[in-house]
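See structure below.
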Amino acid sequence: MKKYWILFFALWVGDAISQNKQVLYGLNDAPQSLMLNPGGMVPQEKHFGIPFLSQIHINGGASGVSVFDIFGESDVDINTRIRNKIFELDNTDFFTVTQQLELLSFGWKNKNDIYFSGGVYEELDFITYFPRDLAILAWEGNRDYLDYPFNLGELSFTADLLTVYHFGANKQVTDKLTLGARLKVYSSLISFSSTNNSGTFTTSLDEDGVNIYDHTIENADITVNTSGYASLRDLDGAGEVSSKILGRSFFGGDLGVGVDVGATYQVTDRITTTASILDFGAIFYGKDTENYQAQGDYNLNGIELIFPQLSDGETAFPYFDTLEDDLEREVPIDTLTNSYTRFRPMKMNASLEYGFGDSFGGNVCDCLNKGTGGIWQQAVGMQFYSILRPKGPQFAGTAYYRRKFGNFLSGKVTYTVDAFNTSNLGLGAVVDVGKFNFYITADNILRYGNIAKAKSVSLQLGFNIKIDEQ
């Protein structure tokens with residue numbers, strides 16, 4: 001039963017938590033929407049995030065499988081369900097988890113109408129692809145897969161825990177165009193990655209050999225890079241490990257740099273388009289690195305068992321010790337301390353919105369946008385999102401309806417199609433009570449009645465102090 005609990009936990013983590021923030025994007029009444037588009041419209045004069053509460057974000061997903069698929073009530077045996085899913089999934093299916101906690105957030109507009117913003121947040125980003133061939137080999141064995149080259153290169157994952165320091169500027173440069181940019185400095189806490197692997201494992205009949213089966217590892221080239229892990233192995237207890245990791249938060253770990261850029265353009269007084277690129281940058285790993293590399297070829301023509309006469313005290317021939325020594329000699333696992341560079345998972349957003357209904361506040365003049373654009377009480381639109389991952393980009397498309405209810409409430413309803421499913425309904429709301437600002441967004445709400453059926457769910461919320469323009 002232990003393997004079932006491990007599988008349940010992996011699926012639940014993937015299911016319970018979507019990889020995008022489509023609901024928050026464009027909800028400009030929430031200061032954190034500026035993190036998704038540095039060139040977004042900024043209605044406030046200043047904002048201050050409540051430390052550790054200004055943005056709490058957790059999301060993730062499992063493409064192609066849910067907890068309910070495996071553990072839901074069914075007349076089908078659980079082993080059969082697991083086997084069916086192993087064969088249904090592809091090597092491009094994935095499990096992903098992303099978590100962010102904003103530690104500090106602030107922003108203000110200067111006398112030249114440039115809105116400066118900055119802050120610090122912690123981020124966990126994890127993705128692993130489903131190694132279909134290796135899963136089949138582990139579950140089924142190789143007896144029924146003679147001459148089939150199991151692909152060792154399907155092993156692919158990245159996991160990063162880091163602190164991000166950022167500072168940016170936003171300005172409406174013309175009546176129709178608003179631009180923004182943000183500089184980021186990454187401080188890595190701990191990192192694991194294994195991508196771009198290769199090699200095959202094949203079992204064949206060898207009737208002319210000593211034994212029946214011929215097992216071959218060919219062109220194996222597998223690398224696992226780690227940073228920040230080696231120095232933790234000799235520490236005693238979780239307290240020392242946590243203290244060591246947290247000590248890297250303040251530029252104590254490997255460093256990197258990145259930029260965000262964004263823009264908003266008023267095509268007409270009712271049509272608005274936006275675009276942004278986030279996390280265009282890299283982290284340079286050189287401290288506390290440890291790399292594990294296995295390269296080579298190996299052929300095993302079975303094990304010929306020998307049963308010699310043994311005297312008292314003698315042991316049998318050490319077959320498996322010899323096999324292990326042969327394998328390590330032909331496909332050695334080298335432990336290195338090489339530095340390496342990894343690009344951050346770059347994200348791209350774009351949207352097109354049509355505003356209608358009354359101009360916000362019922363006035364002909366819109367004092368928030370001094371050009372031809374207006375803040376309309378209602379709007380419909382489309383959004384596009386993509387993120388670059390080790391096996392290629394992942395995409396999401398969203399249609400939405402947004403509405404403002406006076407000066408205190410904004411709401412948004414979204415319908416998203418992505419790698420997880422085609423029926424992702426999301427809701428978002430921003431509430432302003434005096435200078436107090438609260439926002440909350442959630443994805444896949446149709447699955448909340450039975451969250452085990454969801455392939456992805458996202459939750460984001462935050463509390464800020466916001467000083468609006470008068």
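Considering only residues two or more places apart in sequence or on other chains, D90 meets the side chain to side chain contact (heavy atoms under 4.5 Å, CB included) condition with T92, D93. For E290, the salt bridge (charged side-chain N to carboxylate O under 4.0 Å, His left out) partners are R233, not counting sequence neighbours. Applying the salt bridge (charged side-chain N to carboxylate O under 4.0 Å, His left out) criterion to K466, with sequence neighbours excluded, gives D432, D468. Residues that satisfy the side chain to side chain contact (heavy atoms under 4.5 Å, CB included) test with F280, not counting sequence neighbours, are V259, I277, M346. Residues satisfying the salt bridge (charged side-chain N to carboxylate O under 4.0 Å, His left out) test with R344, not counting sequence neighbours, are E123.
In this structure, F436 and F463 have side chains that are in contact, with non-hydrogen atoms separated by less than 4.5 Å. In this structure the side chain of V97 never reaches within 4.5 angstrom of the side chain of F95, judged on heavy atoms. Counting only heavy atoms from C-beta outward, the side chains of I136 and L134 never approach each other to under 4.5 Å. Side chains of L152 and T200 form no contact here, defined as non-hydrogen atoms less than 4.5 Å apart.
A donor-acceptor pair under 3.5 Å is formed between the side chain of D254 and the backbone N or O of G286. Panel note: side chain N151, backbone G153; a donor-acceptor pair is recorded below 3.5 Å. Not a single donor-acceptor pair under 3.5 Å links the side chain of Q100 to the backbone N or O of H57. Panel note: side chain S194, backbone T223; a donor-acceptor pair is recorded below 3.5 Å. A side-chain donor-acceptor contact under 3.5 Å links T289 to the backbone of N338. Not a single donor-acceptor pair under 3.5 Å links the side chain of D288 to the backbone N or O of S227. Checking side-chain atoms of N170 against main-chain N and O of G180 turns up no donor-acceptor pair under 3.5 Å. The closest donor-acceptor contact from the side chain of R182 to the backbone of H166 lies at 3.5 Å or more, if one exists at all. A distance-only check finds a donor-acceptor pair linking the side chain of Y129 to the backbone of K391 [under 3.5 Å].
A donor-acceptor pair shorter than 3.5 Å can be found between the side chains of Q378 and Y401. A donor-acceptor contact under 3.5 angstrom links the side chains of Q266 and T272, judged on distance only. Donor-acceptor pairing under 3.5 Å is recorded for the side chains of T398 and T416. Between the side chains of E122 and Q99, at least one donor N or O lies within less than 3.5 Å of an accepting N or O. Y385 and D418 share no side-chain donor-acceptor pair at under 3.5 Å. A donor atom on one side chain and an acceptor atom on the other are not found under 3.5 Å apart for S198 and D221. A donor and an acceptor atom, one from each side chain of Y439 and N464, are nowhere located under 3.5 Å apart.
Figure legend: cation-pi geometry between R270 and W376, with NZ or CZ positioned under 6.0 Å from the six-membered ring centre and within 45° of its axis. The cationic group of K109 does not satisfy the cation-pi geometry with Y115, failing either the under 6.0 Å distance to the six-membered ring centre or the 45° limit from the ring axis.
Annotation: D75, atom CG; neighbour count of heavy atoms from other residues, nucleotides and ligands within 6.0 Å does not exceed 12.
In this structure, I283 and S188 approach most closely via the heavy-atom pair CG2-CB, 4.3 Å.
Note: I56 CD1 to L461 CG = 5.0 Å, rounded to the nearest 0.5 Å. In this structure, OG on S54 lies 5.0 Å from CD on Q32, to the nearest 0.5 angstrom. Within the model, atoms CD of Q44 and NZ of K435 stand 13.5 Å from one another, a figure rounded to the nearest 0.5 Å. Note: S458 OG to N444 CG = 9.5 Å, rounded to the nearest 0.5 Å. Taken to the nearest 0.5 Å, the NZ atom of K404 stands 13.5 Å off from the CG atom of D358.
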**Message:** Evaluate M41 against L34 for side-chain contact (heavy atoms from CB on, under 4.5 Å), listing each step before the verdict.
**Reply:** CA-CA 8 Å; M41 304 302 296; L34 203 60; over 6 Å; no
**Request:** Please assess Q293 against I222 for the test side-chain contact (heavy atoms from CB on, under 4.5 Å), listing each intermediate value before the final yes or no.
**Result:** CA-CA 6 Å; Q293 188 176 65; I222 298 174; over 6 Å; no
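Here F192 and Y229 bring their ring centres to under 6.0 angstrom of each other.
Using cut-offs of 30° and 60° for the angle between ring planes, the F250 and Y165 rings count as tilted. F106 and W108 have parallel rings, their planes meeting at less than 30° on a 0 to 90° scale where 60° marks the start of perpendicular.
Sorted by first and then second residue, the salt bridge (Lys or Arg N to Asp or Glu O under 4.0 Å) pairs with a member in residues 157-171 read D160-R342; sequence neighbours excluded.
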